[in-house]
Protein chains: 2
Amino acid sequence: MVTIKDISKKSGFSTSTVSKALNGSSEIGEETSELIKKVANEMGYFPNAAARLLKTKHSNNIGVLFIDEMQSGLAHEYFSAVLNSVKDEAERLGYDMTFISRNIGRKPMSYYNHCKYRNCDGVVIACVDFNDPEVIELIQSEIPTVTIDHIFNDCTAIMSDNLKGSSELVQYIYDKGHRKIAFIHGENTSVTQRRLSGFYSTCKKLGINVPNEYIKPARYHDPKSSGLATRELLNLKDPPTCIMYPDDFSFIGGMNEIEKHGLKIPDDISVAGYDGIYLSQVLRPQLCTFKQNTEALGKEAARNLIMAITDRKTFVPKQIWIEGELLAGKSVKETDF
Amino acid sequence: MVTIKDISKKSGFSTSTVSKALNGSSEIGEETSELIKKVANEMGYFPNAAARLLKTKHSNNIGVLFIDEMQSGLAHEYFSAVLNSVKDEAERLGYDMTFISRNIGRKPMSYYNHCKYRNCDGVVIACVDFNDPEVIELIQSEIPTVTIDHIFNDCTAIMSDNLKGSSELVQYIYDKGHRKIAFIHGENTSVTQRRLSGFYSTCKKLGINVPNEYIKPARYHDPKSSGLATRELLNLKDPPTCIMYPDDFSFIGGMNEIEKHGLKIPDDISVAGYDGIYLSQVLRPQLCTFKQNTEALGKEAARNLIMAITDRKTFVPKQIWIEGELLAGKSVKETDF
DNA sequence: TATTTTTACGAAAACGATTACGTTGCAAAT
DNA sequence: ATTTGCAACGTAATCGTTTTCGTAAAAATA
């Protein structure tokens with residue numbers, strides 16, 4: 001490995017001069033600067049991140065916290081799409097991305113300590129249990145963080161506009177003539193809470209009566225759980241004409257259950273999902289859903305995190321709402337009321 | 001930040017003793033060792049990765065090279081599943097995972113240099129253009145690497161058994177009575193080459209005649225491209241009764257084209273995919289496909305890479321074949337011949 | 001008892017960079 | 001002629017560990 005010492009020897013300048021020249025300091029004369037750079041190139045020099053980091057404390061590396069309850073991990077299409085976008089934008093801005101886990105070298109370690117250990121300049125937090133004390137510890141620490149789809153005090157949040165999304169879906173379903181709309185909502189996350197709120201408020205606005213039995217809890221991103229909820233809904237004396245699901249993925253469970261009941265989508269029952277994952281658009285019939293802008297979400301997350309890192313003093317936490325787009329699909333049937 | 005110096009002062013022992021005690025060296029007496037650990041705990045000490053790395057050269061961090069031509073990145077379901085498994089196993093073994101890009105801090109840098117810069121202990125290479133000189137440079141370097149789905153000299157490879165997979169598919173389709181089987185094959189990757197070989201050899205074994213016009217090139221993981229190939233196949237004077245696709249994802253393009261032609265799967269034409277991604281099993285009809293064992297692939301990749309890192313001297317490169325499983329689905333119709 | 005070995009610890013030198021501060025030489029200002 | 005200022009470069013400390021090599025005392029051996 002060739003170091004600045006080697007360059008120093010070969011070029012005859014001191015290591016500090018070499019360092020400064022290589023970092024483009026104006027302190028060094030143009031000629032020497034050029035010479036040093038030339039020598040460095042010839043010798044195949046590149047800096048050692050560890051040594052540099054030890055002094056500067058800047059790693060040019062951001063961490064991502066990305067662990068979901070359902071263990072789907074990177075197979076979670078929505079989040080992996082967001083993450084991919086984070087990665088692309090971070091790379092464009094010169095940052096690498098490292099996954100943060102709870103252990104290091106076989107020793108357990110909190111998220112926060114892990115980040116400090118790895119000297120992450122900042123952290124993107126997505127798809128985790130936001131009630132986890134360790135997550136809270138990390139967010140409240142001095143390390144810049146941005147969260148995706150969850151709002152914390154004094155922490156920049158990139159939010160997919162779930163309220164608006166579910167609201168638009170309800171409006172669309174209403175416009176198609178439906179008045180008996182059921183909602184299966186994922187439990188215990190702020191994301192699904194917002195979707196539920198959007199559902200309620202829009203129903204109220206439109207004057208739709210929603211019996212309690214039309215609201216079923218289910219686990220987020222869990223087809224089985226939504227399947228059970230679907231069964232209950234279909235067995236009601238007065239079943240709904242349209243069922244809204246927590247997310248596209250969960251809908252699959254519902255779809256199977258609807259098939260078992262011998263019903264056809266959308267002729268016998270209408271359905272809508274959420275997310276707009278690829279799958280939803282290749283199903284037959286195409287699923288009516290709300291597509292989240294994963295690319296914008298990830299990009300904004302990376303950009304804002306890096307801004308927070310760079311302008312640490314002046315940066316103020318903010319919330320950024322990313323809008324999505326209704327994909328009508330063909331799973332909601334025009335109906336009379 | 002509390003350092004071993006602080007512990008040294010507080011405990012009265014030298015920094016070297018502290019370091020040794022903390023690292024469990026047998027050189028240090030049990031009592032002092034316990035005392036030092038206690039003090040370290042009280043003070044909330046944990047090591048600084050940069051400083052440690054600077055001396056030891058071990059980062060406990062592995063890099064992943066993961067850039068596909070189609071830019072689907074982490075949205076590539078097969079690879080993201082593999083990667084997730086790599087991550088889980090690596091974490092279990094005490095390693096973190098960092099993405100390797102071509103630039104760092106806005107400066108371009110080769111993959112190899114990037115790995116050296118970040119001091120990656122090893123690299124997992126997947127889903128890239130294996131002809132890229134930079135990739136080759138990395139593989140031939142002193143950094144331990146494992147490749148997924150591609151064989152290089154002197155480099156451990158974790159291989160999904162594509163030959164066997166496509167072979168089993170052909171056999172299954174044959175058993176269902178089909179004799180006019182077309183094959184759309186992805187271009188230019190060793191993965192798709194193997195699938196093609198499996199197709200050819202099994203056809204030969206079974207005595208199936210394969211006219212040239214039944215073999216269509218298309219881009220791997222590209223629905224549009226497979227859609228075009230499908231159209232050509234359907235327009236043949238003597239069209240096939242079954243079409244095999246490069247992968248499940250590509251099949252979607254074919255599916256749309258088949259729909260456009262007013263044909264029904266599987267009544268009018270049978271189809272088969274490859275990969276066994278989630279999508280394939282929720283399509284109606286369920287897709288006949290070959291499910292690759294992504295979990296085993298990722299796990300083996302991580303395990304072998306870390307073995308290569310740990311036993312650098314004795315480790316010999318090897319090839320590990322991971323078997324998959326045929327998912328019959330309902331897209332291949334029983335037919336007479 | 002005299003000698004060797006072992007045990008338990010410390011001093012100091014790395015690792016490879018950055019950076020505050022010091023030192024020149026020389027031109028410009030006084 | 002003296003002072004000042006600045007450009008251009010060097011010295012040396014520093015970041016937080018690990019590790020080699022010593023060394024004193026204790027234990028084992030002869």
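These numbers come from the heavy atoms of this one structure, side chains and all, not from hydrogens, waters or symmetry mates. Each chain gets a letter, A, B and so on, in the order the sequences are listed, and its residues count up from 1.
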| field | Check: B:M109 main-chain N/O paired with B:H114 side-chain donor or acceptor under 3.5 Å | value | no
| query | Is atom NZ of B:K116 surrounded by more than 12 heavy atoms (other residues, nucleotides or ligands) closer than 6.0 Å? | reply | yes
| Where A:Y45 and A:V2 come nearest, the two heavy atoms and their spacing | CD1-O, 3.2 Å
| Comparing B:Y45 and B:K20 on DNA chain D - which has the more 5′ nearest nucleotide | B:Y45
| request: Could you state the atom-to-atom distance from CG of A:L22 to P of D:dC9 in whole Å? | output: 14 Å
| request: Take the protein atom CD of A:E27 and the nucleotide atom C1' of D:dG10, then report the distance between them rounded to whole Å. | output: 10 Å
| said: Can you measure A:I7 atom CD1 to D:dC9 atom P for me and round it to whole angstrom units? | reply: 16 Å
| No-H, no-angle donor-acceptor pair, A:K55 side chain to D:dT14 base, under 3.5 Å | yes
| request: Taking the six-membered ring for Trp and the full ring for Phe, Tyr or His, determine whether the centres of A:F152 and A:H150 are under 6.0 Å apart. | output: yes
| task | Could you pull out the closest heavy-atom pair between A:L138 and A:Y112, with the gap in Å? | result | CD1-CA, 3.9 Å
| Nearest atoms (heavy-atom pairs only) where A:I309 meets A:D121 | CG1-O, 3.4 Å
| A:E42 and A:K38 ion-paired at < 4.0 Å | yes
| Whole-Å distance separating the CG atom of A:L35 from the C1' atom of D:dA8 | 14 Å
| request: Please list, in 5' to 3' order, the outermost nucleotides of DNA chain C lying under 4.0 Å from any heavy atom of chain B. | output: C:dA8 to C:dG16
| query | B:F99 and A:F99: aromatic ring centres closer than 6.0 Å? | reply | yes
| Atom NZ of A:K116 and atom C1' of D:dC15: how far apart are they, to the nearest Å? | 15 Å
| task | Take the protein atom CG of B:N119 and the nucleotide atom C1' of D:dT17, then report the distance between them rounded to whole Å. | result | 14 Å
| request: Applying side-chain hydrogen bond (donor to acceptor under 3.5 Å, both in side chains), run through A:S160 and A:Q292 and close with a yes or a no. | output: CA-CA 7 Å; A:S160 186; A:Q292 307 193 70; 2.3 Å; yes
| field | Nucleotide D:dT17, atom P - distance to CG of A:L53 in whole Å | value | 12 Å
| task | With heavy atoms under 4.0 Å as the rule, sort A:S16 into base, sugar-phosphate or nothing. | result | base
| field | A:S110 and A:E134: side chain donor to acceptor below 3.5 Å | value | no
| Sugar-phosphate only, base, or nothing, as touched by B:T3 at under 4.0 Å among non-hydrogen atoms | sugar-phosphate
| Atom-pair distance (NE2 on B:H58; P on D:dT18), nearest Å | 12 Å
| field | Most 5' of B:A51 and B:T17 on DNA chain C, judged by nearest nucleotide | value | B:T17
| message | What's B:T56 touching, base or sugar-phosphate or nothing? Going by heavy atoms closer than 4.0 Å. | response | sugar-phosphate
| query | Under 4.0 Å between a side-chain N or O of A:S14 and OP1 or OP2 of D:dT11? | reply | no
| query | If an axis is fit to five pairs at each end of the helix from C:dT1-D:dA30 to C:dT30-D:dA1, what is the angle between the two, to the nearest 10°? | reply | 50°
